[in-house]
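The model shown is predicted, which means the values in this text are computed figures rather than measured ones. Numbering of ligands and ligand atoms starts at 1, following listing order.
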Amino acid sequence: MKKNLSIIALCLLAIACSPKEYPNETIGIIPQPQVVNYTGDGVFNVAEATVSIDPKLDDASIGAVNCFAASLSKALGREVEPQGLLKTGIRFVLNTQYQPEQYTLEIKKDKLTITAATADGIKYGIASLAQLLPDAYFGASEGEQDWNLKEVFINDWPRFAYRGVHLDVSRHFFNVEVVKKYLDVIALHKVNRLHWHLTDDQGWRIEIKKYPRLTEVGSTREETMLLKNFKPYKGDGQPHGGYYTQDQIREVVDYAATLGITVVPEIDLPGHMVAALAAYPELGCTGGPYKVWTIWGVADDVLCPGKEVTFKFIEDVLDEVLDLFPSEYIHIGGDECPKVRWKDCPDCQARIAEVGLQNDSLHTAEQYLQNYVTERVQAYLNERGRKIIGWDEILEGKLAEGATIMSWRGPKGGIEAAKNGFDAIMTPGGPLYFDHYQSRQIDKEPFGIGGYCPIDSTYAFDPYKGIPQQAQKHILGVQANLWTEYIASEDHLFYMLLPRLDALSELQWCAPERKDFERFKKDLARILRIYDLKGYAYSRNIYGEPGLPGYTGPLGDAK
Ligand code: ACM
Ligand code: ZN
């Protein structure tokens, strides 16, 4: 309540600053800030400015300001060394009355002040300011640069606490450098979670010291299926692999933290485990042999929950994961786990009998066996101070209190979860699956998994639709997923992400009444220019120009 009051007080202050309207202009920041008031006719000149920091700000804030000053120094060609707080120039100020992620950005003739209570607020203030700066800030070495900023007062805070983007590195591996670039661009949009999908049937990507074969054997598939040639099967004959050492994982987690992003790791279980089974066949019901999957699809071979060795494996892996990832949430997957092996497995059937699981009118005993796995893993993580996120399949049967549902098979799972008192994150296929095509002209698009996810559908998605008001507090936030079965290059990856990420960020950040697709389209022009300067590939489908320039792979109607 106190926090809400402080926001109301700031809004009143903003209004009291005699706003000046610029009717045909938007501030040009994505996501659009909650309050923007033009307060005068003057301009502040960044090119001449000093940078100074309130000494009460914490180390993480100071680190963020130092990074900003380094980028500014490079752009201006002079050393901008942050100093103790001054009365003029670019100033970073602590105000503990603000909400944790809130910031204000006030530009007057003689000073530009970013104020926040936390390092997150400071970082979001910098992300907004960056988008107001000229091309030189993003690396342009030529062209006229206008460093004058209009007087304005911005007061800003997020709509949702969980603002995620997912990255599948299992179907295709992306190295640390690419993952860092991915983090850079999502940070510019005030995203605060990277959901890192590290394990799947097609590749195990995280070094686990206790189980070296996971990466020795499980990180390489001998080939990739060409297009969708299931029948007859046709592979490309090209091995594909890669994994992150634990040092590299730490490097990514630390880098993300400097950007204000928490990395949520996913160890997908008990299904989507063929890469692990190829390495340790004793973990499966049949004992194998298994090989890392070359095709996309749902594998019948999954972990065997009838054997204690399986739980020992899960717990050992999670112990190492917990050491590497400070995230409160650990994603344990749970999607698409066929039960056919469990039906025929004497160990699984013995477990079903031991626990007393039975078929009923809603679910089979084998479905309840998946609940048993989820519950055991959840208890293990809860005892260690962590919480689970699982795909919406974990709702089937009964679910222990405290689990968070990631709704991917449409919004249905999230709605059901919220109504039943579980927290949920909305990430439905369709509007939030960025592996889907962006245009209807798929013969011009790089070959993809299918589906259709134009940017306007992402923008228009309503995370509260179908959720009674009293249950809306359970919607922690929104995330887009980027699966990479047919995405093998960095350019293709960024092309699928951008600019749908921009639409996502307004969904995650802006109050619904701040959203306006026409205004958003205008604002995109600036951010697309930034992508050009940074060398990020992106889609221009919003201008009726489908296709990824320079792409020579198969196109969307390829057979
Ligand atoms: C999923 O897309 N299988 C979560
Ligand atoms: Zn079994």
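The local environment of CD in Glu328 is crowded, with over 12 non-hydrogen atoms from other residues, nucleotides or ligands closer than 6.0 Å. Within 6.0 Å of NZ in Lys180 there are more than 12 heavy atoms belonging to other residues, nucleotides or ligands. For Arg250, the CZ atom sits in a packed shell: over 12 heavy atoms of surrounding residues, nucleotides or ligands are nearer than 6.0 Å. Summarising the local packing, CD of Glu308 is surrounded by more than 12 heavy atoms from other residues, nucleotides or ligands at distances under 6.0 Å.
For the pair Arg384/Glu315, no side-chain contact is recorded, criterion being any heavy-atom separation below 4.5 Å from C-beta on. By the 4.5 Å heavy-atom criterion applied to side chains, Thr404 and Tyr329 are counted as neighbours.
In summary, Glu396 and Lys339 do not engage in a salt bridge, as defined by a charged side-chain N under 4.0 Å from a carboxylate O. Salt bridge Lys515/Glu506: absent, no basic N to carboxylate O contact under 4.0 Å.
Between the side chains of Glu320 and Gln246, at least one donor N or O lies within less than 3.5 Å of an accepting N or O.
At a 4.0 Å heavy-atom cut-off, the residues surrounding ligand 1 are Asp335, Glu336, Trp391, Trp408, Tyr433, Trp483, listed by chain and number.
The Zn ion (ligand 2) has Cys285 SG, Cys304 SG, Cys345 SG, Cys348 SG as protein N, O or S atoms under 2.8 Å away.
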